[in-house]
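Please read these numbers as outputs of a predicted model, since none were measured by experiment.
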Amino acid sequence: MSSEIPPQVQNQLAQLQQVQQQAQSLAMQKNQMASMQKESEMALEELEKLSDDAVIYRAVGDLQIQSTKEETVAKLKERLETLSLRLQSLSRQEERISKRFTQLQEQLQQSMGTQGQ
């Protein structure tokens, strides 16, 4: 019995680690998008409470500019839609990565099983 790991198994392990890192990265991105979505929803809720003629300032890069409630609500709704689409996309990617991870695990187990015989 050789204690050396065959190149095929080493390759499978490397792929498994890469897929795991991709999954972690996607999870972090998804959490960040969900947090941004929650912040935007809270801002929209607060905006809805204001009168239509309230003085509103919104951030544009490093600047704060005066804006109308209508324009600000429209921008927030657009942002929420974009974030929602991005979250859906990340969820689909996460699902594919999860399937790939399971597939690689099974291949690795099969390779290790044949090595032990």
Side-chain angles (χ1 to χ4, degrees):
M1 251 201 279
S2 174
S3 63
E4 213 174 282
I5 299 174
Q8 179 189 357
V9 174
Q10 287 177 355
N11 184 33
Q12 288 173 333
L13 280 169
Q15 287 179 27
L16 193 66
Q17 287 174 332
Q18 185 179 24
V19 168
Q20 188 175 22
Q21 288 172 347
Q22 289 173 342
Q24 288 172 343
S25 174
L26 282 173
M28 286 174 43
Q29 288 177 47
K30 194 174 172 185
N31 285 339
Q32 186 178 25
M33 291 295 141
S35 177
M36 291 167 67
Q37 185 180 39
K38 186 68 178 163
E39 286 176 14
S40 293
E41 287 169 350
M42 289 174 20
L44 190 58
E45 284 177 26
E46 291 300 316
L47 254 176
E48 296 292 349
K49 296 176 187 176
L50 299 176
S51 66
D52 289 341
D53 61 346
V55 177
I56 298 169
Y57 292 90
R58 61 184 175 88
V60 178
D62 291 336
L63 301 174
Q64 294 283 325
I65 62 167
Q66 189 170 348
S67 180
T68 64
K69 178 182 175 181
E70 182 182 340
E71 182 183 7
T72 306
V73 166
K75 293 272 185 195
L76 272 174
K77 285 182 178 180
E78 183 180 314
R79 177 178 168 85
L80 280 168
E81 187 176 327
T82 301
L83 288 170
S84 177
L85 290 172
R86 181 73 177 129
L87 277 168
Q88 288 173 13
S89 173
L90 287 170
S91 291
R92 285 191 300 271
Q93 288 178 38
E94 203 172 39
E95 194 176 305
R96 284 193 301 270
I97 288 288
S98 177
K99 285 179 184 175
R100 179 71 177 136
F101 186 80
T102 302
Q103 196 178 46
L104 284 169
Q105 272 185 320
E106 289 171 1
Q107 288 176 358
L108 188 59
Q109 287 172 348
Q110 288 175 353
S111 294
M112 296 300 282
T114 58
Q115 289 295 310
Q117 295 176 359

- Can you list the steps and then say if Gln24 with Met28 is a side-chain contact (heavy atoms from CB on, under 4.5 Å)? CA-CA 6 Å; Gln24 288 172 343; Met28 286 174 43; 5.5 Å; no
- Task: State, yes or no, whether a side-chain contact exists between Val9 and Leu108 at a heavy-atom distance under 4.5 Å.
- Result: yes
Can you tell me if [X] has over 12 outside heavy atoms packed within less than 6.0 Å of its [atom1]?
X: Glu71; atom1: CD; answer: yes
X: Gln10; atom1: CD; answer: yes
X: Glu81; atom1: CD; answer: no

Any chance you could measure [X], atom [atom1], to [Y], atom [atom2], to the nearest 0.5 Å?
X: Ile5; Y: Ser111; atom1: CD1; atom2: OG; answer: 12.0 Å
X: Leu47; Y: Lys75; atom1: CG; atom2: NZ; answer: 13.5 Å
X: Leu76; Y: Glu46; atom1: CG; atom2: CD; answer: 11.5 Å
X: Gln22; Y: Ile97; atom1: CD; atom2: CD1; answer: 4.0 Å
X: Gln12; Y: Gln103; atom1: CD; atom2: CD; answer: 11.0 Å
X: Lys30; Y: Gln93; atom1: NZ; atom2: CD; answer: 10.5 Å

Short side-chain to backbone donor-acceptor contact, [X] and [Y], under 3.5 Å:
X: Ser84; Y: Leu80; result: no
X: Ser91; Y: Leu87; result: yes
X: Thr82; Y: Glu78; result: yes
X: Ser89; Y: Leu85; result: no

- Which of these passes side-chain contact (heavy atoms from CB on, under 4.5 Å) with Arg92: Gln88, Glu95, Glu94? Gln88
Which atom names give the shortest non-hydrogen contact between [X] and [Y], and what distance separates them?
X: Gln20; Y: Phe101; result: CB-CE1, 4.0 Å
X: Leu90; Y: Leu26; result: CD2-CD2, 3.6 Å
X: Leu83; Y: Ser40; result: CD1-OG, 4.1 Å

- Message: When you compare the side chains of Gln37 and Arg86, does any donor N or O come within less than 3.5 Å of an acceptor on the partner?
- Response: no
